[in-house]
There are 2 protein chains.
Amino acid sequence: MEIIEDQLVQTEESCITSVNYISDALYVLGGKWKLVIIFTLVESPKRFGELQKVLKGIGPKMLAKDLRELELNEFVVRRVYEGKPEKVVYEATPYSKSLSKVLSELKDWGMKHREKIKQSMRKVS
Amino acid sequence: MEIIEDQLVQTEESCITSVNYISDALYVLGGKWKLVIIFTLVESPKRFGELQKVLKGIGPKMLAKDLRELELNEFVVRRVYEGKPEKVVYEATPYSKSLSKVLSELKDWGMKHREKIKQSMRKVS
DNA sequence: CCGTATCCGTCATGATACTG
DNA sequence: CAGTATCATGACGGATACGG
């Protein structure tokens, strides 16, 4: 019995380690918008207003807050170009690009998920 | 000018579509615990108490709520085995397993991220 | 052991108005 | 255009007690 317990603890340990990695990731990437912001900025740099348009539904406060946090964690660079009206552009860093696999897997899964939802809606109706 | 606008709208459109897929995914998987719960259950089915132990820090209320939602969205099956003390086991469905790529990419990224954090802490000290 | 019920505090999110 | 200020709401989280 105790031996079995030990084995369980072992397997649980490695599982817990993996869980910690995922929790770490979610700690910096968590929330409703951060991953989406990173995704759109990896596609191309964008201005504040453009981001608001692409991320339908986000308010300026949340967007500003998330951008600040993403800048702190080095996912995003805020560049200011002086000029008549000065231009502010947000740009994804190489570190953001290290997330591209995660993002593309998530996007693929999201596509399949949407298909599944559509089908179950057909069944209901 | 209007033609350029149209082109921008085109590129934005495809970007927005991808954004929607990711938002869809985050809608069902979002929050602090859902992905972690799915991950541990994909490794092996677990009981309520075991989950509480593995996910250090989650309270019974949150765990119950997330498990209920995951059951609704068909990520998890709740199985009850009758017996002296009846046993309740939560099990990942095949649909959860369709997330395995997302999860392993996220885990890998989390590992690298932890390394990066460690290094930047060394630099500071 | 498996949860539910309750209370309560904190934080994330949102809507809107407003300033440089 | 880029963001801040303000206010409101709900999600999340912790503690504890309780019932099946």
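To find a chain, count down the sequence lines: A is the first, B the second, and so on, and within it residues start at 1.
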Between D/dA2 (C1') and A/Lys87 (NZ): distance, integer Å | 14 Å
If the plane angle is over 60° it's perpendicular, under 30° parallel, otherwise tilted; pick one for A/His113 and B/Phe75.
-> parallel
Which nucleotide in the set D/dG3, C/dC2, C/dT4 lies at the smallest distance from any side-chain heavy atom of B/Val88?
-> C/dC2
From CG of B/Asp66 across to C1' of D/dC12 the rounded distance in Å is 10 Å
Are any of B/Arg78's side-chain N or O atoms less than 4.0 Å away from OP1 or OP2 of C/dC2?
-> no
Base, sugar-phosphate alone, or nothing: which one does B/Pro85 contact when heavy atoms must sit under 4.0 Å apart?
-> nothing
Counting side-chain heavy atoms from CB outward, which of D/dC12, C/dA12, D/dT4 is closest to A/Lys65?
-> C/dA12
Would you say C/dA12 has OP1 or OP2 under 4.0 Å from some side-chain N or O of A/Trp33?
-> no
Between the side-chain atoms of B/Lys61 and the base atoms of D/dG13, is any donor-acceptor pair under 3.5 Å?
-> yes
Whole-Å distance, A/Glu71 CD to D/dG3 P, equals 9 Å
Take the protein atom NZ of A/Lys46 and the nucleotide atom C1' of D/dA2, then report the distance between them rounded to whole Å.
-> 17 Å
So, are A/Arg79 and A/Glu91 salt-bridged, with charged N and O less than 4.0 Å apart?
-> yes
In whole angstroms, how far is the P atom of C/dG3 from the CG atom of B/Leu63?
-> 8 Å
Select one nucleotide: of C/dC2, D/dG13, D/dA2, the one nearest the side-chain heavy atoms of B/Phe48.
-> C/dC2
Can you find a donor-acceptor pair, distance only, under 3.5 Å between B/Lys32 side chain and D/dG13 base?
-> no
For the pair made of CE in B/Met62 and P in D/dG10, what is the distance, rounded to whole Å?
-> 15 Å
Can you check whether A/Tyr90 has a side-chain N or O nearer than 4.0 Å to OP1 or OP2 of D/dG3?
-> yes
Once you round it to whole Å, what is the distance between P of D/dA15 and CD of B/Gln52?
-> 12 Å
Side chain B/Ser96, main chain B/Val42, donor-acceptor under 3.5 Å = no
Should A/Glu50 and A/Arg47 count as an ion pair when the cut-off is N to O under 4.0 Å?
-> no
Provide, to the nearest angstrom, the distance between the CG atom belonging to A/Leu70 and the P atom belonging to C/dA12.
-> 14 Å
Ion pair B/Arg68/B/Glu71, N-O distance below 4.0 Å | no
Base, sugar-phosphate alone, or nothing: which one does A/Gly49 contact when heavy atoms must sit under 4.0 Å apart?
-> sugar-phosphate
Under 4.0 angstrom between B/Arg47 side-chain N/O and C/dC2 OP1 or OP2 | yes
Does a nitrogen or oxygen in the side chain of B/Arg79 sit under 4.0 Å from OP1 or OP2 of C/dC2?
-> no
